[in-house]
Amino acid sequence: MHGAVLLIEFGSIILGLGLLGRFAGRYRLSPIPLYLLAGLAFGEGGLLPLGASEEFVATGAEIGVILLLLMLGLEYTASDLVTNLKSHYPAGLVDCALNAVPGAVAALLLGWGPVAAVVLAGVTWISSSGVIAKVLGDLGRVGNRETPVILSVLVLEDLAMAVYLPIVTALVAGAGLMTGSITLAVALGAAGLVLFVAVRYGRLISRFVTSDDPEKLLLVVLGLTILVAGVAQQLQVSAAVGAFLVGIALSGEVAEGAHTLLSPLRDLFAAVFFVFFGLHTDPASIPPVLLPALALALLTAVTKIATGYWASKRAGISVKGRWRAGGALVARGEFSIVIAGLAVSAGIEPSLGPLATAYVLILVVLGPLTARFTEPLAMRLFRRRDNPDRPGGSPEGTPKAAAETAEAEASVGD
């Protein structure tokens, strides 16, 4: 009887997620907020709390995090990461300063303590690679000049995750200074070793894993990833970091083949993960933190736009491209929830999970809108500011006005 209930509940969850995904795709929306809302509806204090399938959903959620980070690692080679780190690290530092600091300050102002401050800093810092990639594709901007700048910022954030996640894991576990230092040293050593091996022997590793049979390739890559993730977790390093490093180590045809085979599994288990996070958030706990979440979302939307603008300006992109880059980086999603999930599982601050849920819901909806409308709104605003008919506007024909007109015309089509 228990087994039948489990199958009915889990089957209903999967079917519901599929319908929500279709609904979101029809209106070109990210399905993440719908998955989170579904979790809220079926979790503690929701409309219809789950019972038998909750443990099964928890296992699926853990696999979802592992697959998210694996697929992220497959997007980049070790040489790509090294090149981006050398060329664009100033943009990464600006990104961290502008977007992590507001989260940390907010946690301290709310009286949550230093551990929660480190966690919330990560929640507000990391953009959603999945949502941003989908938005760029929907808007037809993949070939734009500013897109490599956007991707460079995302790559640096993803690389920073390999250092940040072990720190958070040690902090939420209550590890002391010595234990935390050892954990971080192990994580950094593992990351450095994987990058070195991937650069020097990436082809040999890929040749060992590769197979013409899709079934064998899927089993080997998936098994290797879960095995390494388990070993990483046993060493008190985040399982997600282990999966990320496996993805980086694979390259070429193996990475492309694994990406194609694992994408459906990633989408399935990632959706389960978002539902699982929602299950552990009481809907009644969201209204008390809604105003702080809204204020933090608006503030960090502005700081992300500033980050993209600065990074694009540094790369020599036109004014319009700078605004487009800034607007595209606003969305937060899967990694903000992954980070918050670590703290929720460890029972750090009870209000952290609801605030992170509300924060992500706001920005995952706002992100596609800022990507679409930041540039036209900014250009209209500055055009009005420089309108000669307005008080204080720059007179038409002045060198300043001519230069700005020429720059705007040159940026068309960028």
Is the number of heavy atoms from other residues, nucleotides or ligands under 6.0 Å of [X] [atom1] greater than 12?
| X | atom1 | result |
| --- | --- | --- |
| Glu62 | CD | no |
| Arg372 | CZ | no |
| Asp212 | CG | no |

Look up atom [atom1] in [X] and atom [atom2] in [Y], then write down how far apart they are to the nearest 0.5 Å.
| X | Y | atom1 | atom2 | result |
| --- | --- | --- | --- | --- |
| Leu355 | Leu294 | CG | CG | 10.5 Å |
| Ile362 | Leu298 | CD1 | CG | 7.0 Å |
| Ile126 | Cys96 | CD1 | SG | 8.0 Å |
| Leu40 | Thr357 | CG | OG1 | 6.0 Å |
| Leu222 | Leu261 | CG | CG | 10.5 Å |
| Thr307 | Glu157 | OG1 | CD | 8.5 Å |

Any heavy-atom pair between the side chains of [Y] and [X] that's under 4.5 Å?
| X | Y | value |
| --- | --- | --- |
| Thr370 | Leu329 | no |
| Arg314 | Val149 | no |
| Tyr164 | Val118 | yes |
| Leu265 | Leu262 | yes |
| Val344 | Leu352 | no |
| Leu37 | Leu20 | no |
| Ile14 | Leu268 | yes |
| Met71 | His259 | yes |

Does the [X] side chain pair with the main chain of [Y], one donor and one acceptor, at a distance under 3.5 Å?
| X | Y | result |
| --- | --- | --- |
| Asp213 | Glu215 | yes |
| Lys313 | Gly308 | no |
| Arg141 | Thr147 | no |
| Thr374 | Ala371 | no |

How far apart are the closest heavy atoms of [X] and [Y], and which atoms are they?
| X | Y | value |
| --- | --- | --- |
| Ala160 | Trp125 | CB-CH2, 3.5 Å |
| Ala293 | Ala358 | CB-CB, 3.7 Å |
| Ala301 | Leu366 | CB-CD2, 4.2 Å |
| Pro102 | Leu299 | CB-CD2, 3.9 Å |
| Ile317 | Glu146 | CG2-CB, 4.0 Å |
| Gly367 | Val330 | CA-CG1, 4.1 Å |

Exercise. Taking it one step at a time, do Val119 and Ile348 satisfy side-chain contact (heavy atoms from CB on, under 4.5 Å)?
Worked result: CA-CA 10 Å; Val119 173; Ile348 301 299; 5.8 Å; no
Problem set entry | Distance-only side-chain donor-acceptor flag, Asn99 / Thr300, under 3.5 Å | no
For this session: Tell me, with the steps shown, if Ser127 and Ile132 meet side-chain contact (heavy atoms from CB on, under 4.5 Å).
Result: CA-CA 8 Å; Ser127 298; Ile132 292 171; 3.7 Å; yes
For this session: Can you spot which of Leu17, Ile337, Val272 makes a side-chain contact (heavy atoms from CB on, under 4.5 Å) with Tyr35?
Result: Leu17
For this session: Decide yes or no on side-chain contact (heavy atoms from CB on, under 4.5 Å) for Val123 and Leu120, but give the supporting numbers first.
Result: CA-CA 5 Å; Val123 171; Leu120 193 56; 4.1 Å; yes
For this session: Kindly indicate, with the supporting measurements, whether the criterion side-chain contact (heavy atoms from CB on, under 4.5 Å) is fulfilled by Trp323 and Ile305.
Result: CA-CA 7 Å; Trp323 288 115; Ile305 292 173; 3.9 Å; yes
